[in-house]
Amino acid sequence: MNDIRHSLLRRDALSAAKEVLYHLDIYFSSQLQSAPLPIVDKGSVELLEEFVFQVPKERSAQPKEQTKDSVRQIIFSSLFSPQGNKADDSRMSLLGKLVSMAVAVCRIPVLECAASWLQRTPVVYCVRLAKALVDDYCCLVPGSIQTLKQIFSASPRFCCQFITSVTALYDLSSDDLIPPMDLLEMIVTWIFEDTSVLQVLMTLQLHLTEKNLYGRLGLVLFDHMVPLVEEINRLADELNPLNASQEIELSLDRLAQALQVAMASGALLCTRDDLRTLCSRLPHNNLLQLVISGPVQQSPHAALPPGFYPHIHTPPLGYGAVPAHPAAHPALPTHPGHTFISGVTFPFRPIR
């Protein structure tokens, strides 16, 4: 039966099914000449299951698929890994066209290879690929971003790496480095439809603790928060005369939620004074005041080094002396619809 199986593996599905039935016809006809009731052995059943009912043989199918994926990844890496020479420009140009085409036709194997490439390649090259895709799907053809938007269900891994590269591309340092609105709306939709991102953030503290890095490795750099807060403040000033108080409030809620998750997970390392000084530039927001003032859940796993955001409660800016449990004092203004719980993220409200 093994010889027959090896022969069938070289055929397409339809001809393999016909061939296995032909061989079994001969096999059982031969048995009937020597016995009134032929024995259906395990080999015959396995051939029927694999080539008629299309059930892969577990012993061989998985290693074969793994080998195929590995070879594809190696070839992709050999083609497009930067070498620091003149050929890199040609590599990046071809890579941009290939990945853009893979997005257009939803070619998952190429997108998965591109995701691995983005994960291990220096950021300067990742930014170039991200810019090529943004140009193709956000700038050149109006409405084509819908094609990019739809690949989320096909390759979430590529989309996550793309978001990371886009974040590095648009650092808000100039008008040219502010992301297009279509791109922002697409990323918000991705995150809103699938909480892979939130789940990763919630497990981050555990992983950092296991590696003895909790409170020692800052994944969200404070220096990156400064231009973000400055940009939010600038936009708030521009929107102030336009009666856009709800939009300003929503953006500040989002910032507060991001800070809460970053601090609770140990990703943001900064002193309380630095954070309060930075946020003091912003318009007043109740939720933001609660977040930057604590309480934040103390990690039970390890002692935290100096410079880490201290997990103690002190009065928020503009309030004077505030009791440790603001919910118990109705005189303190609170933000409607939000409750502060230590170490827990706030509810997400989609942008309308």
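Note that this is a predicted model, so its numbers are computed, not measured.
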[atom1] of [X] to [atom2] of [Y]: how many Å apart, nearest 0.5 Å?
X    : Y    : atom1 : atom2 : value
L255 : S251 : CG    : OG    : 8.0 Å
L48  : L21  : CG    : CG    : 6.5 Å
E49  : K42  : CD    : NZ    : 9.5 Å
S78  : Q83  : OG    : CD    : 9.0 Å
D273 : S280 : CG    : OG    : 11.0 Å
E247 : S245 : CD    : OG    : 7.5 Å

Considering all heavy atoms of both residues, which atom of [X] and which atom of [Y] are nearest to each other, and what is their separation?
X    : Y    : answer
T147 : V103 : CG2-O, 3.8 Å
E112 : Q73  : O-NE2, 3.8 Å
R91  : N85  : NH1-OD1, 3.4 Å
D182 : I145 : O-CD1, 3.3 Å
P283 : N233 : CD-OD1, 3.9 Å
A236 : I248 : O-CD1, 3.6 Å

If you define the side chain from C-beta out and look only at heavy atoms, does anything of [X] sit under 4.5 Å from [Y]?
X    : Y    : value
Y125 : W117 : yes
E50  : L9   : yes
L288 : D253 : no
L95  : F76  : yes
L111 : R157 : no
S116 : R120 : yes
R281 : V226 : yes
R72  : V110 : no

(message) Run T189 and F152 through side-chain contact (heavy atoms from CB on, under 4.5 Å) and show every step you take.
(response) CA-CA 10 Å; T189 300; F152 183 76; over 6 Å; no
(request) Answer with yes or no whether the side chains of E249 and N285 bring together a donor and an acceptor at under 3.5 Å. (result)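 There is such a pair between these side chains.
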(message) With no hydrogens and no angle check, just 3.5 Å: does a side-chain donor-acceptor pair link T277 and D274?
(response)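 No, because no side-chain N or O of T277 sits under 3.5 Å from a partner of the opposite role on D274.
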With a 4.5 Å cut-off on side-chain heavy-atom distances among I, L, V, M, F, W and Y, is there a chain of contacts connecting [X] to [Y]?
X    : Y    : answer
V105 : L98  : no
L177 : M225 : no
L235 : L287 : no
V123 : M92  : yes
L239 : I232 : yes

(request) Decide side-chain contact (heavy atoms from CB on, under 4.5 Å) for F158 and I108; before the verdict, give the C-alpha distance in whole Å, the side-chain angles of both, and the deciding distance to 0.1 Å. (result) CA-CA 9 Å; F158 172 79; I108 297 176; over 6 Å; no
(message) Please check: side-chain N/O of S30 versus main-chain N/O of Y27, any donor-acceptor pairing under 3.5 Å?
(response)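 The answer is no, because no donor-acceptor pair under 3.5 Å joins these two groups.
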(request) Please confirm whether the backbone N or O of I151 pairs with a side-chain atom of S155, one donor and one acceptor, at under 3.5 Å? (result) no
Counting heavy atoms not belonging to [X], are there more than 12 under 6.0 Å from its [atom1]?
X    : atom1 : answer
N243 : CG    : no
Q246 : CD    : no
R107 : CZ    : no

(message) side-chain contact (heavy atoms from CB on, under 4.5 Å) for Q161 and T121? Distances and angles first, verdict last.
(response) CA-CA 11 Å; Q161 295 299 327; T121 303; over 6 Å; no
(message) Between R234 and E238 (salt bridge meaning N to carboxylate O under 4.0 Å), is one present in this structure?
(response) yes
(message) Does the plane of the ring in W190 sit parallel, tilted or perpendicular to the ring in F162? Use 30° and 60° as the thresholds.
(response) perpendicular
Show me the side-chain donor-acceptor pairs of residues 126-143 shorter than 3.5 Å, one per line, residues at least two apart or across chains.
residue : atom : partner : partner atom : Å
R128    : NH2  : D89     : OD1          : 3.3
K131    : NZ   : D135    : OD2          : 3.2
D136    : OD2  : S100    : OG           : 2.8
Y137    : OH   : S100    : O            : 2.5
Y137    : OH   : A104    : N            : 3.2

(request) Tell me, with the steps shown, if I178 and E231 meet side-chain contact (heavy atoms from CB on, under 4.5 Å). (result) CA-CA 10 Å; I178 296 176; E231 181 65 14; 3.7 Å; yes
